[in-house]
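Here's the structure we're looking at; comments come further down.
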Amino acid sequence: MRLKNQRVLIVGASRGLGFATAYFAMKDGAAVAINARDKKKLDALVRSLSGYGKVFGIAGDALTDSKKIVNEAAKRLGGLDHVSVMVGGYEEDTIEAPKSLEAMLANHIKAPVLVANAAVGRLNRGSSITLVSSIKGISKASPNQLSYGIGKAGTAKLVEILSSELLGRGIRINAIAPHSIKGDFEPERNWKRLRKLGDMSAPPEDFARVIVWLMTDEAEFVNGATIPMDGGLRFS
Ligand SMILES: NC(=O)c1ccc[n+]([C@@H]2O[C@H](COP(=O)([O-])OP(=O)(O)OC[C@H]3O[C@@H](n4cnc5c(N)ncnc54)[C@H](OP(=O)(O)O)[C@@H]3O)[C@@H](O)[C@H]2O)c1
């Protein structure tokens, strides 16, 4: 129970990675608030997670309601120890037609900035913030991912800047950078048979377990890091 009595908010969590992160955090003893815009999806997740401990949903848009989401989470959890922002959204574009620039910068830079801004005053020494970048933001560029790549590079840079800014307060900030997350999450399944090292993608469990580890004190000397998670594919 590495997160016993810890209070966790997961923003952008109505399926896949967010679902799995909530599950593993709860299995580790945390009380969890999950956020996304779609209340119906959140309610379904809360129903399937409620057997594992305390969990509730807060419907809202991280781009417009970040303060409300954080305040409600802190009120209902009795405080806040860890915040994970994994607002999604994937669009392809090019320099000829950068149609996704605003959306991708909003989802992958603005949302984590706004949530971190709303949460940081409530976090304490030993708290953490965890973000989700992408291999495409830190490693090999793709020609059709102009705005997404810049956005995810911004996520990784935000980790570096905030880790420096929050160092003296003992609040750590890290990220994972997946290549590809495959499918949705199902509690209790044998996910390990679904992937092997060198595969292009892996199920949400593989990524969620690293996010939860980053919250625990096992990772208390890990700060300002964006961990590539592609099973080593980028070197092959
Ligand atoms: N899937 C991949 O292969 C892959 C690869 C690399 C990195 N990533 C990153 O990993 C994270 C999770 O990926 P995913 O595929 O599970 O993402 P996703 O399904 O596209 O989005 C995750 C969640 O974000 C919520 N969301 C979107 N906009 C929001 C907003 N403004 N406010 C609050 N919630 C919002 C969505 O729920 P609602 O629509 O209900 O709001 C959804 O549940 C994302 O950051 C993604 O960019 C994914």
Side-chain angles (χ1 to χ4, degrees), residues 9-24 33-46 48-49 57-70 72-73 83-92 100 102-116 118-119 129-142 145 147-156 158-159 174-186 194-195 199-211 214 226-231 233-234:
L9 167 63
I10 308 170
V11 174
S14 62
R15 56 174 294 278
L17 182 61
F19 189 2
T21 304
Y23 168 82
F24 284 110
I34 50 175
N35 154 265
R37 293 164 303 181
D38 187 324
K39 186 172 179 325
K40 265 195 187 150
K41 280 198 262 170
L42 274 183
D43 289 345
L45 242 67
V46 167
S48 51
L49 287 168
I58 304 171
D61 189 324
L63 289 167
T64 52
D65 307 329
S66 56
K67 281 206 161 62
K68 227 170 93 188
I69 294 162
V70 167
E72 187 175 337
V83 178
S84 188
V85 188
M86 50 187 67
V87 168
Y90 173 77
E91 292 177 21
E92 295 185 354
S100 304
E102 277 187 34
M104 293 297 93
L105 299 193
N107 287 16
H108 302 306
I109 300 177
K110 193 172 172 187
V113 168
L114 292 177
V115 174
I129 300 171
T130 317
L131 308 181
V132 183
S133 177
S134 162
I135 282 290
K136 296 310 174 83
I138 63 165
S139 188
K140 192 167 185 270
S142 285
Q145 292 181 334
S147 300
Y148 179 76
I150 297 169
K152 287 303 196 187
T155 313
L158 179 60
V159 166
N174 294 292
I176 61 164
H179 182 285
S180 173
I181 305 170
K182 183 167 59 186
D184 210 339
F185 169 71
E186 287 170 39
L194 300 175
R195 85 316 190 230
D199 282 350
M200 191 170 286
S201 58
E205 285 91 333
D206 281 304
F207 305 95
R209 293 200 325 154
V210 174
I211 292 175
L214 284 168
T226 293
I227 301 173
M229 290 197 66
D230 65 349
L233 185 72
R234 71 199 178 287

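Residues: numbered from 1 along the sequence shown. When reading the values below, keep in mind they use all heavy atoms of this one structure, side chains included, and skip hydrogens, waters and symmetry mates. Ligands are counted one by one from 1 in listed order, and the atoms in each one are counted from 1 as well.
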Rounded distance (nearest 0.5 Å) linking atom [atom1] of [X] with atom [atom2] of [Y]:
X      : Y      : atom1 : atom2 : result
Ser133 : Leu131 : OG    : CG    : 9.0 Å
Arg15  : Phe185 : CZ    : CZ    : 12.5 Å
Asp206 : Leu17  : CG    : CG    : 11.0 Å
Gln145 : Lys140 : CD    : NZ    : 10.5 Å
Thr226 : Asn174 : OG1   : CG    : 7.5 Å
Ile135 : Met200 : CD1   : CE    : 11.5 Å

Looking only at protein heavy atoms, which one is nearest to [atom], and how far off is it?
atom                    : result
atom 36 (C) of ligand 1 : Ser14 OG, 4.0 Å
atom 46 (C) of ligand 1 : Lys152 NZ, 3.7 Å
atom 20 (O) of ligand 1 : Gly89 N, 3.3 Å
atom 9 (C) of ligand 1  : Val132 CG1, 3.4 Å
atom 2 (C) of ligand 1  : Ile181 N, 3.4 Å
atom 23 (C) of ligand 1 : Gly12 O, 3.2 Å
atom 27 (C) of ligand 1 : Arg37 NH2, 3.3 Å
atom 31 (N) of ligand 1 : Asp61 OD1, 2.8 Å

Look at the side chain of [X] and the backbone N and O of [Y], then say whether any donor-acceptor pair between them is shorter than 3.5 Å.
X      : Y      : value
Asp38  : Lys41  : yes
Asp61  : Arg37  : no
Lys152 : Val132 : yes
Asn35  : Ile58  : yes
Thr155 : Ile109 : no
Ser66  : Leu63  : no

Under 3.5 Å between some N or O of ligand 1 and some N or O of [X]?
X      : result
Ser134 : no
Gly88  : yes
Pro178 : no
Val87  : yes
Asn107 : no
Leu63  : no

field: Residues which pass side-chain contact (heavy atoms from CB on, under 4.5 Å) with Glu91, listed by chain and number, not counting sequence neighbours
entry: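 Glu91: side-chain contact (heavy atoms from CB on, under 4.5 Å) contacts with Ser100, Ala103, Met104.
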
Taking only heavy atoms of [X] into account, list the atoms of ligand 1 that are under 4.0 Å away from them.
X      : answer
Ala62  : 30 (C), 31 (N), 32 (N), 33 (C)
Ser133 : 7 (C)
His179 : 5 (C), 6 (C)
Gly60  : 32 (N), 33 (C)
His108 : 47 (O)
Asp38  : 40 (O)
Ser180 : 3 (O)

statement: Logged contact type for Phe185 with ligand 1, heavy-atom cut-off 4.0 Å, is neither

Ligand 1 versus Leu42: contacting region, heavy-atom distance under 4.0 Å: neither

- request: Going by heavy-atom distance to atom 16 (O) of ligand 1, choose the closest among Lys182, Arg15, Lys41.
  value: Arg15

query: By salt bridge (Lys or Arg N to Asp or Glu O under 4.0 Å), which residues pair with Arg234, not counting sequence neighbours?
result: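 Arg234 satisfies salt bridge (Lys or Arg N to Asp or Glu O under 4.0 Å) with Asp230 only.
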
